[in-house]
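To start, the structure under review is shown below, and the notes come after it.
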Amino acid sequence: MSKRGLFFCLCAVFAVYSVYVWTAGTDTPNIQPPSEQAKAGLALFQEKNCIACHQLYGLGGHMGPDLTNVASAPDKGVDYLKTFIANGTDKMPNFKFSEAEIDALAQFLVFLDRTGTYPPAHPEISWFGAVAYSGANNGK
Ligand code: HEC
């Protein structure tokens, strides 16, 4: 192929790929920003160092369970997690939280649950190498 032919071929490939990239859907999850209550819950989560025993997205201490999706797990949910936060257990301290503090922590965990899944959802890899996660919790 002549140099000129090659040049036009590359230009054509560039043009087609550019149109594809600019028109492809982005599919970013539509996550609402955290409420003031959820932010207060995050502050409490940090202040009481819950992460010393619990994990978020698999990172943290390993004395208690991962809390990423506790708010939506089929056999758990908001009332369930509030019971633990309000009373503690033999292994988890009772922090003597007020009702407002328990609600704030619950709202933080509900917000966290909407941000993704742990363990991570199985990724789909497109033909051009982009990775898309379409787990049950993504984009709720
Ligand atoms: C000293 C370690 C420790 C700390 C600190 C701790 N937890 Fe826990 N937590 C546990 C353990 C252990 C469990 C599992 C229940 C059990 O085995 O008694 C648990 C269970 C839970 C559960 C139920 C999870 C499930 O999937 O069943 C929630 C929700 C929870 N903790 C929230 C919190 C929050 C919020 C904080 C911080 C305010 C916190 N924990 C601080 C040890 C801890």
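Residues take their numbers from the sequence shown, with the count starting at 1. Atoms within a ligand are numbered from 1 in the order they appear, just like the ligands themselves.
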For F45, run the ring pair (Phe, Tyr, Trp, His ring centres under 6.0 Å) check against F97, F111, F108, F95 and tell me which one passes.
F108
Hey, are the side chains of L67 and Q55 touching, using non-hydrogen atoms and a 4.5 Å cut-off?
no
Please walk me through it: do Y80 and V70 pass side chain to side chain contact (heavy atoms under 4.5 Å, CB included)?
CA-CA 9 Å; Y80 170 97; V70 61; 4.2 Å; yes
Between the protein and ligand 1, which nitrogen or oxygen pairs come in under 3.5 Å, and how far apart is each?
from: ligand 1; atom 1: 7 (N); to: H54; atom 2: NE2; distance (Å): 2.8
from: ligand 1; atom 1: 9 (N); to: H54; atom 2: NE2; distance (Å): 2.8
from: ligand 1; atom 1: 17 (O); to: K91; atom 2: NZ; distance (Å): 3.3
from: ligand 1; atom 1: 18 (O); to: T89; atom 2: OG1; distance (Å): 2.5
from: ligand 1; atom 1: 26 (O); to: K76; atom 2: NZ; distance (Å): 2.7
from: ligand 1; atom 1: 27 (O); to: Y80; atom 2: OH; distance (Å): 2.4
from: ligand 1; atom 1: 31 (N); to: H54; atom 2: NE2; distance (Å): 2.8
from: ligand 1; atom 1: 40 (N); to: H54; atom 2: NE2; distance (Å): 2.8

By side-chain contact (heavy atoms from CB on, under 4.5 Å), which residues pair with A130, not counting sequence neighbours?
S126, F128
Regarding T117 and N69, is there a side-chain donor-to-acceptor distance under 3.5 Å anywhere?
no
In this structure, CD of E101 is separated from NZ of K96 (nearest 0.5 Å) by 12.5 Å
